[in-house]
Amino acid sequence: MSSNPTRRPETDDNNEERIKRFLATASHDLQSPLRHIAMYAELLLDDLEETLDGEQLQSLRMILEKAQAAQRLTKALMSLAGGAPQVTPEEVDLQALAENVWGELTDETAVRDATLESRGLPSLRSDPALLGLVLRHLLTNALSYRSEAPLHVVITAERQEADWFIRVSDNGTGIDPAYRKRIFEPFWKLPQAGTVPGAGLGLTTAREILAALGGDLSLEDSDASGSRFLIRIPA
């Protein structure tokens, strides 16, 4: 009996099912607390708007905005896990998006010696929540696997015919050649001294999201001086 050369290995099917199950469960469990955060922020705005000073009002509006953005993202991830990605395309200022994600991450990690350099980042039509999550995964990796030198991340973009190619480079520890084929495997994390938090799904999820957006993610280069990831996304 001849084998079917186009059939996917069973382990790949199992891994994909595990990813979808993980995304669906995590996204579903986040919906309720996010809904309550947004609801209470709206109630506080309605009740206290006239009594708050400018800075307090801005902070409360930011809470509401972030909760609503997280709600949209978890819904998109649930649809991705269900096999029917819910993509909401709009005009995205990639420069502003990258700076916003970077600012959030450096605040969360309290890293003060890391710098972001970006050049020629375009406005493009995509889903800002999903594209922002892709950048978050890549920048989180850069922050997690930095070397002893102050972290420096560079994001560039160039258009080739119908696609944008976005490169995210860092001066981190690099990836051992023995592990480069494994970095996109679900639930696998790069071995290193100390423990890097997370489920080992960052790069896997980023690649799945980009596939839903019609693009792709790959490791373009890595050595002792750092790594460079390549995002391809339709223009």
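These values consider heavy atoms only, across backbone and side chains, with no hydrogens, waters or symmetry-generated copies.
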Distance-minimising heavy-atom pair for [X] and [Y]:
| X | Y | value |
| --- | --- | --- |
| Ser227 | Gly174 | OG-CA, 3.6 Å |
| Leu64 | Ala41 | CB-CB, 3.9 Å |
| Leu116 | Ala98 | CD2-O, 4.0 Å |
| Glu185 | Lys181 | OE2-O, 4.3 Å |
| Arg61 | Leu45 | CG-CD2, 3.9 Å |
| Glu108 | Arg136 | OE2-NH2, 3.2 Å |

Glu220 atom CD, over 12 foreign heavy atoms within 6.0 Å: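 Above 12, so yes.
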Heavy-atom neighbours of Glu91 CD exceed 12 at 6.0 Å: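 Enclosed: over 12 neighbouring heavy atoms sit under 6.0 Å from CD of Glu91.
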Point-to-point distance, once rounded to the nearest 0.5 Å, from [atom1] of [X] to [atom2] of [Y]:
| X | Y | atom1 | atom2 | result |
| --- | --- | --- | --- | --- |
| Leu121 | Asp93 | CG | CG | 8.5 Å |
| Glu208 | Leu213 | CD | CG | 11.5 Å |
| Leu203 | Leu138 | CG | CG | 6.5 Å |
| Thr205 | Leu217 | OG1 | CG | 11.0 Å |
| Leu44 | Glu49 | CG | CD | 11.5 Å |
| Tyr145 | Thr140 | OH | OG1 | 11.0 Å |

With a 4.5 Å cut-off on side-chain heavy-atom distances among I, L, V, M, F, W and Y, is there a chain of contacts connecting [X] to [Y]?
| X | Y | result |
| --- | --- | --- |
| Leu219 | Leu135 | yes |
| Val168 | Val111 | yes |
| Leu57 | Leu48 | yes |

Using a 4.5 Å cut-off on heavy atoms from C-beta on, say whether the side chain of [Y] contacts that of [X].
| X | Y | result |
| --- | --- | --- |
| Asp170 | Leu143 | no |
| Ser126 | Ile233 | yes |
| Ser222 | Arg180 | yes |
| Tyr179 | Asp176 | yes |
| Leu131 | Leu124 | yes |
| Leu210 | Arg207 | no |

Cut-off 3.5 Å, no hydrogens considered: what does the side-chain donor-acceptor table look like for residues 153-162, sequence neighbours left out?
residue : atom : partner : partner atom : Å
Glu158  : OE2  : Gln160  : NE2          : 3.3
Glu158  : OE2  : Arg167  : NH1          : 3.0
Arg159  : NE   : Glu161  : O            : 3.1

Summary of ring pair (Phe, Tyr, Trp, His ring centres under 6.0 Å) pairs that have at least one residue in residues 150-174, sequence neighbours excluded: none
Step-by-step side-chain contact (heavy atoms from CB on, under 4.5 Å) determination, Asn171 to Leu151: CA-CA 6 Å; Asn171 64 337; Leu151 176 66; 3.4 Å; yes
Under the salt bridge (Lys or Arg N to Asp or Glu O under 4.0 Å) test, residues paired with Glu55 that sit two or more places apart: none
Glu99 versus Ser118, side-chain donor and acceptor atoms under 3.5 Å: no
Exam field: side chain Asp127 to backbone Thr88, donor-acceptor pair closer than 3.5 Å: yes
Test side-chain contact (heavy atoms from CB on, under 4.5 Å) applied to Pro128 and Asn100, Leu133, Leu94, Val92, the passing residue: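 It is Val92, the one option of Asn100, Leu133, Leu94, Val92 that forms the side-chain contact (heavy atoms from CB on, under 4.5 Å) with Pro128.
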Short N-O contact, Asp216 and Arg232, less than 4.0 angstrom: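 Looking at Asp216 and Arg232, the cut-off is not met.
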Worked verdict on Phe229 versus Asp221 for side-chain contact (heavy atoms from CB on, under 4.5 Å): CA-CA 7 Å; Phe229 286 88; Asp221 190 33; over 6 Å; no
